[in-house]
Engineer: 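Quick one: the structure is below, and I'll ask about it shortly.
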Amino acid sequence: MTTQWHTKMKGVISELLETMFFMSVDFEHESAATHYSLESSISLARDLQKIHINLLMTEPFARVAAANFLGVDENEVAPYDIEDVVKEMANMIGGSYMTVLENGDWQLGIPSMRYLESSHDAPDVDAMPISYFGDQVGAVILTLESSSI
């Protein structure tokens, strides 16, 4: 995907995480060897195009995000809270991203979340690494899918 789309995604994620999750994140240029245990995803669709947004993150980062979002201590966050919050995070990011794209008429899909079978690094060279307090805690992968009849 183009740099312009990535720039818009960085703005959406920064604003959303600061506003709704009380977390200030940075986007590193070089990817560090980080093992992710969760993946949250959502798609935007219009005409014959789809944009897939995949958020990879570490479990500790997801736990902090869930605690901040729910207004509870980290030790009070249950696994189902993490699942709900990371799906809601994908939903909010997808919805916000949709509003900054030119040529509207995008439809927001249903968010999903999965635990990754084995912790692994971001599988895509175009992944945008996300860091929190200097540690790489996540990555965003944008994929554009176009179909022709």
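For this chain, numbers begin at 1 and follow the sequence in order.
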Engineer: Which residue pairs pass the side-chain hydrogen bond (donor to acceptor under 3.5 Å, both in side chains) test when at least one of the two sits in residues 54-64, sequence neighbours left out?
Structural biologist: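 For residues 54-64: Glu39-Asn54, Glu59-Arg63.
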Engineer: Under the side-chain hydrogen bond (donor to acceptor under 3.5 Å, both in side chains) rule, collect the residues that match up with Ser41, sequence neighbours excluded.
Structural biologist: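 Ser41: side-chain hydrogen bond (donor to acceptor under 3.5 Å, both in side chains) contacts with Ser112.
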Engineer: For side-chain contact (heavy atoms from CB on, under 4.5 Å), just list the numbers for Leu56 and Leu38, CA-CA rounded to whole Å, side-chain angles, deciding distance to a tenth of an Å, and then say yes or no.
Structural biologist: CA-CA 6 Å; Leu56 300 172; Leu38 302 167; over 6 Å; no
Engineer: Of all residues at least two apart in sequence or in a different chain, which pass the side chain to side chain contact (heavy atoms under 4.5 Å, CB included) check with Asn75?
Structural biologist: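 Residues passing side chain to side chain contact (heavy atoms under 4.5 Å, CB included) with Asn75: Asp73.
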Engineer: With sequence neighbours excluded, give me every side-chain hydrogen bond (donor to acceptor under 3.5 Å, both in side chains) pair touching residues 12-26.
Structural biologist: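 For residues 12-26: none.
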Engineer: How would you list, by chain and number, every residue that makes a side chain to side chain contact (heavy atoms under 4.5 Å, CB included) with Leu108, sequence neighbours excluded?
Structural biologist: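 Checked Leu108 against side chain to side chain contact (heavy atoms under 4.5 Å, CB included); matches are Ile42, Leu44, Asn91, Met98.
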Engineer: Which residues pass the side chain to side chain contact (heavy atoms under 4.5 Å, CB included) test with Ala78, not counting sequence neighbours?
Structural biologist: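 If we apply the side chain to side chain contact (heavy atoms under 4.5 Å, CB included) test to Ala78, skipping adjacent residues, the hits are Tyr80, Asp81.
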Engineer: Give me each pair satisfying salt bridge (charged side-chain N to carboxylate O under 4.0 Å, His left out) with a member in residues 86-99, each pair once, sequence neighbours excluded.
Structural biologist: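 Every candidate salt bridge (charged side-chain N to carboxylate O under 4.0 Å, His left out) pair involving residues 86-99 fails, so no pair, neighbours aside, qualifies.
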Engineer: By the ring pair (Phe, Tyr, Trp, His ring centres under 6.0 Å) test, which pairs, at least two apart or in different chains, include something from residues 53-73?
Structural biologist: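 Ring pair (Phe, Tyr, Trp, His ring centres under 6.0 Å) check on residues 53-73 returns Phe21-Phe69, Phe61-Tyr132.
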Engineer: Is there a donor-acceptor pair under 3.5 Å between the side chain of Ser40 and the backbone N or O of Met113?
Structural biologist: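 The answer is no, because no donor-acceptor pair under 3.5 Å joins these two groups.
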Engineer: Just to verify, what does Lys8 make a side chain to side chain contact (heavy atoms under 4.5 Å, CB included) with, not counting sequence neighbours?
Structural biologist: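 With sequence neighbours excluded, Lys8 shows a side chain to side chain contact (heavy atoms under 4.5 Å, CB included) to Gln4, Tyr97, Val100, Glu102, given in chain and number order.
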Engineer: Partners of Gln49 by side-chain hydrogen bond (donor to acceptor under 3.5 Å, both in side chains), sequence neighbours excluded?
Structural biologist: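 Only Arg46 meet the side-chain hydrogen bond (donor to acceptor under 3.5 Å, both in side chains) criterion with Gln49.
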